[in-house]
S.K.: 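Sharing a structure below in structure tokens format, with a few things to ask.
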Amino acid sequence: LRIAELMDEHAAELAELIISELGSPAAMTRQYMVGFPANTLRFYANLLLEGRVAFEEQRCNSRIFKEPRGVVSLITPWNYPIHQITAKLGPALAAGCTTIVKPANEAILSCFRFAELVAEAGLPPGVFNFIAGDGPAIGGAMTTHPEVDMVSFTGSTQVGREIMAKAAASVKNVSLELGGKAACLILDDADLSVVSAGVHHAYVNAGQTCAAWTRMLVPKTKLREVEALARQAVESTIELGDPRVAPSPGKTRLGPLVSQRQHERVRALIQQGIDEGARLITGGPEKPDGFACGYYVQPTVFSDVKPEMVIAQQEIFGPVLTISGYDDEEDAIRIANGTIYGLGGAVWSRDVERAIRVARRIDSGTLDINGGPFNTLAPFGGVKQSGIGRELGVYGLEEYLTTKSLQLPIDGQMAHYLKPEA
């Protein structure tokens with residue numbers, strides 16, 4: 001709770017550090033990258049204070065204990081720097097684990113400041129350890145060290161595979177939240193006004209969000225109408241600019257990408273989409289007019305995107321939306337499930353029960369129905385190559401607990417429960 005209080009006291013400073021490195025818009029940064037992480041810590045503190053965690057239970061003649069896994073390595077990405085730390089640190093501390101935290105180098109200043117606040121909060125020595133530097137060398141040591149009992153990693157699927165392989169040598173528990181290529185499935189009975197919501201979700205944090213709805217799937221009969229609506233949403237409501245400055249009325253601010261490397265990669269993938277034959281609706285690989293300085297990318301929409309194209313299969317991590325047409329509901333589900341990923345997604349329909357039925361058939365850890373808001377009490381995580389394990393809510397706490405059972409002698413009362421007829 002003290003860490004959360006200190007975050008509140010230094011919220012403006014933390015937000016400014018994140019903006020300066022990441023380029024995320026000010027309003028979103030304050031709410032989701034500082035306010036949300038502080039509330040995550042409060043949630044786990046209150047779980048303990050209110051006695052809502054069953055660390056011990058009795059099952060017949062067995063007494064079952066939930067115990068901390070031990071020393072856990074927490075390796076976090078740059079796109080939501082402090083949030084990614086607190087989503088792991090909160091449940092790890094609540095479980096009773098000690099932690100080693102390594103953030104990504106691209107947005108590390110805010111993480112250093114957060115570490116100073118943790119030190120100021122007064123945790124016992126050794127409970128929170130913070131290390132920065134080369135990812136492969138330090139992350140590799142944090143994964144293979146014999147005294148580390150668990151590794152929790154958020155980042156790319158490729159690095160997740162490497163961590164899983166290294167952890168296997170000592171059979172460490174791993175929790176992995178990896179890449180995504182979320183489908184925004186608009187069923188044939190949905191109101192097409194939802195296209196604008198799909199566009200904006202694809203561009204959250206300039207598209208540098210693992211669960212962003214970057215693939216919009218629509219009935220082929222409505223493809224041209226959806227294209228027009230998507231272009232209108234981009235050109236009338238999305239505004240590039242300084243992330244510290246509030247956008248024009250009715251506009252959503254889009255800041256720059258995090259680094260030159262990311263900038264070059266996203267622009268190259270946009271060009272690859274053109275080369276593959278996808279039809280460019282708006283945007284493109286060229287630097288936007290008036291932004292010679294800064295890693296800005298034009299908000300881009302492709303249509304006529306075939307499911308096998310690279311831009312429909314690979315996580316781009318930039319402001320790029322692909323639109324693909326489908327023949328019927330079965331075809332839509334097939335396309336939605338046609339990647340290695342399964343992290344987020346959305347289903348839209350006038351019939352909520354139909355949307356739920358379709359969502360149940362989509363291979364994804366999290367799906368929004370008709371724009372249902374993000375729920376911090378619900379589990380978040382992926383299936384397939386989007387990861388293993390869950391974060392947030394009580395589900396996130398369970399990742400950091402291991403189960404022990406003690407088989408007790410059976411007295412007369414216990415014997416009654418063990419009778420076959422009982």
Side-chain angles (χ1 to χ4, degrees), residues 79-80 154 156-157 176-205 207-219 222 226 230 233 301-302 305 307-309 311-326 328-376 378-393 395:
N79 58 332
Y80 292 86
T154 298
S156 72
T157 295
L176 305 173
E177 197 260 277
L178 308 176
K181 195 68 178 174
C184 176
L185 174 49
I186 300 175
L187 294 175
D188 54 15
D189 64 342
D191 188 329
L192 292 186
S193 62
V194 306
V195 170
S196 179
V199 168
H200 281 81
H201 198 283
Y203 295 161
V204 169
N205 200 20
Q208 298 169 132
T209 300
C210 51
W213 307 337
T214 54
R215 295 184 297 146
M216 185 174 289
L217 310 183
V218 302
K222 299 181 179 181
V226 169
V301 177
F302 283 104
V305 177
E308 65 273 14
M309 288 181 176
I311 58 170
Q313 291 290 323
Q314 191 173 133
E315 185 178 42
I316 297 174
F317 233 54
V320 181
L321 172 68
T322 68
I323 303 176
S324 300
Y326 63 81
D328 53 26
E329 187 176 293
E330 289 298 318
D331 191 37
I333 294 169
R334 178 188 64 80
I335 296 171
N337 288 336
T339 74
I340 64 171
Y341 300 108
L343 184 61
V347 180
W348 299 84
S349 171
R350 294 181 189 272
D351 183 343
V352 172
E353 290 305 315
R354 181 190 181 197
I356 293 172
R357 175 176 56 77
V358 170
R360 291 290 302 273
R361 296 183 60 197
I362 294 176
D363 299 330
S364 181
T366 303
L367 287 142
D368 299 344
I369 303 298
N370 289 350
F374 187 74
N375 180 7
T376 59
F380 179 79
V383 299
K384 299 195 293 188
Q385 294 190 39
S386 284
I388 299 169
R390 293 294 180 265
E391 293 185 337
L392 302 178
Y395 310 91

S.K.: Can you tell me how far the CG atom of Leu343 sits from the CG atom of Leu367, to the nearest 0.5 Å?
M.R.: 10.0 Å
S.K.: Please report the shortest heavy-atom distance between Gly342 and Ser386, naming the atom on each side.
M.R.: N-OG, 2.8 Å
S.K.: Only one of Arg354, Arg350, Lys222 clears salt bridge (Lys or Arg N to Asp or Glu O under 4.0 Å) with Asp189; which?
M.R.: Arg354
S.K.: Would you find a donor on one side and an acceptor on the other, under 3.5 Å apart, between the side chain of Glu177 and the backbone of Gly382?
M.R.: no
S.K.: I need the Leu176 CG to Ile388 CD1 distance, nearest 0.5 Å.
M.R.: 5.0 Å
S.K.: I'd like to know whether Cys210 forms a side chain to side chain contact (heavy atoms under 4.5 Å, CB included) with Glu315, so could you lay out the CA-CA distance, the side-chain angles of the two residues, the decisive distance to 0.1 Å, and finally the verdict.
M.R.: CA-CA 8 Å; Cys210 51; Glu315 185 178 42; 4.0 Å; yes
S.K.: Step by step, work out the side chain to side chain contact (heavy atoms under 4.5 Å, CB included) result for Val320 and Ile311.
M.R.: CA-CA 9 Å; Val320 181; Ile311 58 170; 5.7 Å; no
S.K.: Looking only at non-hydrogen atoms, find the nearest pair between Ala355 and Ser349 and report the distance.
M.R.: CB-CB, 4.0 Å
S.K.: Are Thr322 and Thr214 packed together at the side-chain level, in the sense that at least one heavy-atom pair is separated by less than 4.5 angstrom?
M.R.: no
S.K.: What are the two closest heavy atoms between Ile362 and Val347, and how far apart are they?
M.R.: CD1-CG2, 3.8 Å
S.K.: Taking the side chain as every heavy atom from C-beta outward, state whether Ile323 and Val226 have any atom pair closer than 4.5 Å.
M.R.: yes
S.K.: Is there side-chain contact between Gln385 and Leu178, with heavy atoms separated by less than 4.5 Å?
M.R.: no
S.K.: About how many Å separate OH of Tyr341 and CD of Gln314, when rounded to the nearest 0.5 Å?
M.R.: 6.5 Å
S.K.: I need the minimum non-hydrogen distance between Tyr326 and Ile186, along with the two atoms involved.
M.R.: OH-O, 2.7 Å
S.K.: Hey, does Tyr80 have a side-chain heavy atom less than 4.5 Å from the side chain of Thr154?
M.R.: no
S.K.: Does the side chain of Asp191 come under 3.5 Å of the side chain of Ser193 through a donor N or O and an acceptor N or O?
M.R.: yes
S.K.: Please check if the side chain of Arg215 supplies one atom and the backbone of Lys181 the other of a donor-acceptor pair under 3.5 Å.
M.R.: yes
S.K.: With rounding to the nearest 0.5 Å, note down the distance linking CZ in Arg357 to CG in Leu187.
M.R.: 8.5 Å
S.K.: Kindly compute the distance separating CG (Asp368) from CH2 (Trp213), expressed to the nearest 0.5 Å.
M.R.: 5.0 Å
S.K.: Any idea how Phe380 and Phe374 line up, ring-wise: parallel (<30°), tilted (30 to 60°), or perpendicular (>60°)?
M.R.: perpendicular
S.K.: Using a 3.5 Å distance criterion without hydrogens, assess whether the side chain of Asp188 forms a donor-acceptor pair with backbone atoms of Pro219.
M.R.: no
S.K.: Out of curiosity, Ile335 CD1 to Glu308 CD, how far, rounded to the nearest 0.5 Å?
M.R.: 9.5 Å
S.K.: To check you understand the geometry: which heavy-atom pair defines the closest contact between Trp348 and Asn370, and what is its length?
M.R.: CA-OD1, 3.2 Å
S.K.: Kindly say whether Gly344 contributes a backbone atom to a donor-acceptor pair with the side chain of Ser364 at under 3.5 angstrom?
M.R.: yes
S.K.: Which pair of heavy atoms, one from Gly179 and one from Thr157, lies closest together, and at what distance?
M.R.: N-OG1, 3.2 Å
S.K.: Treating Asp363 as the side-chain partner and Asn337 as the backbone partner, does any N or O pair qualify as donor plus acceptor under 3.5 Å?
M.R.: no
